[in-house]
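Beneath this line is the structure, given in C-alpha cells, with notes to follow.
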Amino acid sequence: MYESTWMFCLKRILTLPFVLLGVSILTFVFIRFVPVEPAEVMLRMARVAPTAEAIQALREELGTDKPFLLQYLLWVKGILHLDFGTSFVSKLPVAHELFAKLPATIELAVASFVLILGLSLPLGIISALYKHSIIDKIIRLLTIMSISIPTFWLGFLLLYLFSLKLGLFPTNGKGTLAHLVLPAFTLALPTIGLFVQFIRSTIIEELQQQYVQYAQLRGLKNSVILVRHVLRNAIIPLTTLLGMTLGNLLGGAVIVEQVFSWPGLGRYLIESIMNRDYPVVQCYVIIIAVIYVLVNLCTDVLHRLLDPHLMMKGRRA
Amino acid sequence: MSLVRKENVYVKRLFSLTLLLIIGLLGLFAPIIMPHDPLAIDISKKFLGPSLDYPLGTDHLGRCVWSRMLLGIRYSLGSALIIQIVAILLAVLLGAFVALKRGLIDFLFIRICDILLAFPTLVLAFGLLGLLGPSLKNVFIALIFTQLVYYSRWIRGLFIGMNEKGFIQAARISGTSGIKLIMRHYIPNLLPPIVTIVVLDIGKVILEIAGFSFIGLGVHAPIPEWGMMVNEGKQYIRQHPELMLYPGLAIVLVVLLLNHLASSFKKLGQ
C-alpha cells in the first residue's frame, strides 16, 4: 500500500527535470520570436543611434551573435547559478530585482488564501446543510456573482466606495494591514466563488452516503457526524483545487496589483512588458513556472497521502 | 414533482438564453441601431447627462456611451465567442487525432502539454501578449492558444475513455472508421460536456479580454471593448463614476447569464 504511493511520488519527481527542461527551452525559444532585436532596443533605451556597427558591437557584448544552441546552453548555465541576465532598463541583474518584488506578491497571495479558506468553508457548509433554503439561495447567488465580476472593475468599485467615499482604507501602497484588506479581498473573490460551489456539492454528496445514515442510526449527534465524518471526507478533494488556486492568484495578482498600485511581481511584469525589457519577462515566466510546478507536485502527493481510496486503487493496479 | 422541477430548469434556461440572444442581436445589428458614431469625438459635448439624443450620456471625449456600449458587444461577447469556437474546433481535431493514433504522437503530445501546463494559463497569456505586443489580433492568438492546450488534452482524455465503450468497439468491428466513427459515435456522446465547458468558458474569456485591455495588453484605445471603456472611465471615477459603471455592469450581466446557462446545462446533463 505504501509502496504504490512512493512509486507514484517517485514517478512524479522523476518527470520534474523533463518538465523544467521543456519550460526552459520553451521560454528561451519564445523570446527569439520577438520581432525586435534586443540590441537595438538597448541602444534606443540608452539614446544611442542604432547604427549597424553599434548593433553588431552590442550583440558581441551580449553574446547574441553566437550560435543558437550555445546561447541556450550559456543561458541555462547562468540560470543554474541564479544569473538570469541583466535588465535592459535598470542594467541590474534581473533575478535581484524580481526576488526583491517577490515578497510583496507572496504577502498578497497568502492573505487572499487565508480569506479564501476562511470565507468559503463556512459559506459552503451552511449552503450545503440548508440546501434549497433562502440562505442557500442567497449564498448561491453571491457565488455566481463573484465569478462573473471582472476583478479590476470590482477593485475600482471597492476603492471608490471604501477609500474615496467612506475613507476606511488607504487607496494604494502597502505596509499596514489596512492596505492589505481591499487587494486581498479583490484577488480572493473569484476563487471564493469556485470554492463555495465545490464545497457545497461535495458535502451534499457525502451527506447521501450510507455511512452517514449508519452514524445517525448509531445515535451520534448531527454535529459529531458533520465534523468527524463528513467534513473529513469533504475536505480531501479540496486539495485538488490548490494548484488551480495558485494559478488564479498569480495570474490575478498581475491585474489586482495594477489596480491598487501594489509593488509586487505582477506590476513589475507589466512595467517590463511595456518597456520591452525581455530578460525580466523571461525570468518572471521561469520563476512562476517553477513555483507552479513544485506546488502542483506537492498537492498531488498530498492528495494521494490523504485519500485512502486512491491508495487502494494504486494497490489494485 | 420532479417534472415540475425539470420544467423550471427549462424556463430559467430559456430566460438566460433569450436575454443573451437579444444582446447578441443588438451587437450584430449595432451599426444600424447606434444613434451616433461611437468613435466620433466632439469635445464640446463631453460629460453630457442622459437625454433622448444620448440615452446614456457622453464620455470624456463627447462620444455617445450608448453607441459605444452597443458596438462593444461585438468586441466583448463576439470576440469571446469566436475564440471559444475556434479553440474547441481545433481541440476536437487535435484531441481526436492523438487519441485515435496513440503511440509516439500521443506520447509527444502529452509531454508538450505537460510543459505548457507548467505555466498558469493567465501567466502564459500575459507572456505571449507581452512578446507579441498589444493588439486585438494578438489577444485572439494568445487566448486561442491557451484554451487549445487545455481543451485538446481534456478531449483526448474523453476520447480515450470512450475507446473502451462497447458500442464504439462494436462500430469498429463492423468496419466503421475514421471521420465517420468520430462524427457518428464519438461526437454525439461527447457533445453535452463539451458544450457546457465552452459556454462556461465564454464568460471567463470575456473577463480575460477585459482584463488584458485594462492592463494595456489588449485592444487599442478608440475600440469600445467594455474592458477598455472601464479603463478609460476610471480616470473620471470621482466626478463621473457612471462612465466605468455602465460597461462594468454590462460585463457582469453577460457573464452572469452565460454562467447561469452553463450551470443549467450541467444540471440537465446529470
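Naming: A, B, ... by sequence-line order, numbering from 1 per chain.
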Quick one: what part of [X] sits under 4.5 Å from any heavy atom of chain B, side chain, backbone, both or neither?
{"X": "A/I149", "value": "both"}
{"X": "A/M274", "value": "side chain"}
{"X": "A/I255", "value": "both"}
{"X": "A/I270", "value": "side chain"}
{"X": "A/T27", "value": "side chain"}
{"X": "A/L269", "value": "side chain"}
{"X": "A/R140", "value": "side chain"}

Cation-pi geometry met for B/R111 and B/F107 (6.0 Å, 45°):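 The answer is yes; both the distance and angle limits are met.
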Given the options [options], which has more heavy-atom pairs under 4.5 Å with chain B than any of the others?
{"options": "A/G247, A/P190, A/G251", "result": "A/G251"}
{"options": "A/N296, A/L246, A/V259", "result": "A/V259"}
{"options": "A/I144, A/V285, A/V290, A/L250", "result": "A/I144"}
{"options": "A/V19, A/V23, A/V293", "result": "A/V23"}
{"options": "A/T15, A/I288, A/V281", "result": "A/I288"}
{"options": "A/I147, A/L20, A/I25", "result": "A/I147"}

If you count heavy-atom pairs under 4.5 Å with chain A, which of [options] comes out on top?
{"options": "B/L217, B/L245, B/L258", "value": "B/L245"}
{"options": "B/L253, B/I215, B/D114, B/V123", "value": "B/I215"}
{"options": "B/V252, B/I206, B/L116", "value": "B/V252"}

> Quick check, are the ring centers of A/Y268 and A/Y284 under 6.0 angstrom apart?
Replying inline: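 For A/Y268 and A/Y284, the ring centres are not under 6.0 Å apart.
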Exercise for the section: Could you tell me whether A/W75 and A/F28 have their ring centroids closer than 6.0 angstrom? Expected result: yes
### Within-4.5 Å side-chain heavy-atom neighbours: A/P279 and A/F84
no
- Query: Are B/R63 and B/E232 close enough for a salt bridge, meaning some N to O gap below 4.0 Å?
  - Reply: yes
_Side-chain ion pair, A/K11 and A/D300, N-O less than 4.0 Å_ =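 Between A/D300 and A/K11 there is no salt bridge, as every charged N stays at least 4.0 Å from the carboxylate O atoms.
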Side chains of A/S24 and A/Y72: do they bring a donor and an acceptor to under 3.5 Å?
yes
Q.
Can a side-chain donor-acceptor contact be found between B/E242 and B/Y236 if the only test is distance below 3.5 angstrom?
A. no
Sidechain-backbone polar pair: [X] side chain, [Y] backbone, donor-acceptor under 3.5 Å:
{"X": "B/D106", "Y": "B/R102", "result": "no"}
{"X": "A/E257", "Y": "A/R267", "result": "yes"}
{"X": "B/Q84", "Y": "B/V198", "result": "yes"}
{"X": "B/E225", "Y": "B/M228", "result": "yes"}

[X] portion near chain A, given a 4.5 angstrom heavy-atom threshold:
{"X": "B/L117", "result": "backbone"}
{"X": "B/L249", "result": "both"}
{"X": "B/F214", "result": "side chain"}
{"X": "B/V230", "result": "side chain"}
{"X": "B/P134", "result": "neither"}

One should read off an interatomic distance between B/I251 CD1 and A/F152 CZ, to the nearest 0.5 angstrom, of 5.0 Å
